[in-house]
Amino acid sequence: MSDNQVSDIVMNNDGKGMPGAEALPVEEERLQRKQKLAAAFRLFGRFGFDEGVAGHITVRDPEKLDHFWVNPMGVSFKQMRVSDLLLVDHEGNVVEGEGLLNGAAFTIHSRVHAARPDVVAAAHAHSVYGKSWSSLGRLLDPITQDSCAFYEDHALLGEFTGVVLDLDEGKRIGDALGDKKAIILQNHGLLTVGQSVEAAAWWYITMERSCQAQLMAEAAGTPKLISPEHAKQTHGTVGSELAGWFSFKPLYDVISKEQPDLFD
Ligand SMILES: [Zn+2]
């Protein structure tokens, strides 16, 4: 299915927030972003991506472009609500909401948002398969249709130098990410970005599963690689911004119906 076909289907239903759709009034856009963010946390919790207080997903404020919304440290992904989210400025001050700001959330995400003006949202967690894969210091190979979303579209930050608490290290991540949609932080985990919360969260979910698939395949044998030509072509289909946004929709539909308190 092409991006145009997906776009026609969505626009004939509810295309709110779709990449390329008409811009919403800023208040509505802000609320939509926060609702999608809270839902993304609930899904990360459901998938077991939480590990203690590690992990953060951020979304840029639609009005104050150097501010972003983030989860307060110490609140479970599984219980995140819209009203829990913190608004943080470019200096790391919490300017709206109550709660603890995770230092690494600020140093990593502020630099990624600064390095990539096109990025609306970024996701990072310490999920098991992503961090296991990250220890190998290798990029993912195009071994499945799904992993082609990352073909020539993810980067590797080599050498772990401790918890990311200074801005220079955050900048190193932003620089290494370049114009890609994801980065493997060696001995640490995954970070994904998108032009919407939906896309950033979906890339995280499918990248984590691509890590799982490659770990399993390599434990069993030697996976056959998809040819560069077909990997490139498949990247154009499953790896587009619109595909990322759309792939999140069924997950959002389920979690918002099952856990409506996320909207509180
Ligand atoms: Zn981390």
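Hydrogens, waters and symmetry mates are skipped; everything else that's a heavy atom, side chains included, is used. All of these numbers come straight from a predicted model, not from anything done at the bench. Positions are given from 1 along the sequence. Just so you know, ligand 1 is whichever comes first in the structure, and atom 1 is the first atom listed for that ligand.
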Could you tell me which non-hydrogen atom of Phe106 sits nearest to which non-hydrogen atom of Ser110, and how far apart they are? O-OG, 2.6 Å
With a cutoff of under 4.5 Å between side-chain heavy atoms, which Ile, Leu, Val, Met, Phe, Trp and Tyr residues group with Leu177? Ile108, Val112, Val119, Leu157, Val164, Ile173, Ile183, Leu185, Leu191, Val193
Taking the Zn ion (ligand 1) as the centre, how many protein N/O/S atoms fall inside a distance shorter than 2.8 Å? 3
Could you walk me through whether Ser135 and Gln186 pass side chain to side chain donor-acceptor pair (under 3.5 Å), step by step? CA-CA 6 Å; Ser135 71; Gln186 195 167 313; over 6 Å; no
Which is it for Glu208 and Leu190 under the side-chain contact (heavy atoms from CB on, under 4.5 Å) test, yes or no, and what are the steps along the way? CA-CA 8 Å; Glu208 165 75 5; Leu190 311 175; 4.2 Å; yes
When the ring planes of Phe68 and His113 are compared, do they come out parallel, tilted or perpendicular, using 30° and 60° as the limits? parallel
Salt bridge or not between Glu241 and Lys181? Use side-chain N to carboxylate O under 4.0 Å. no
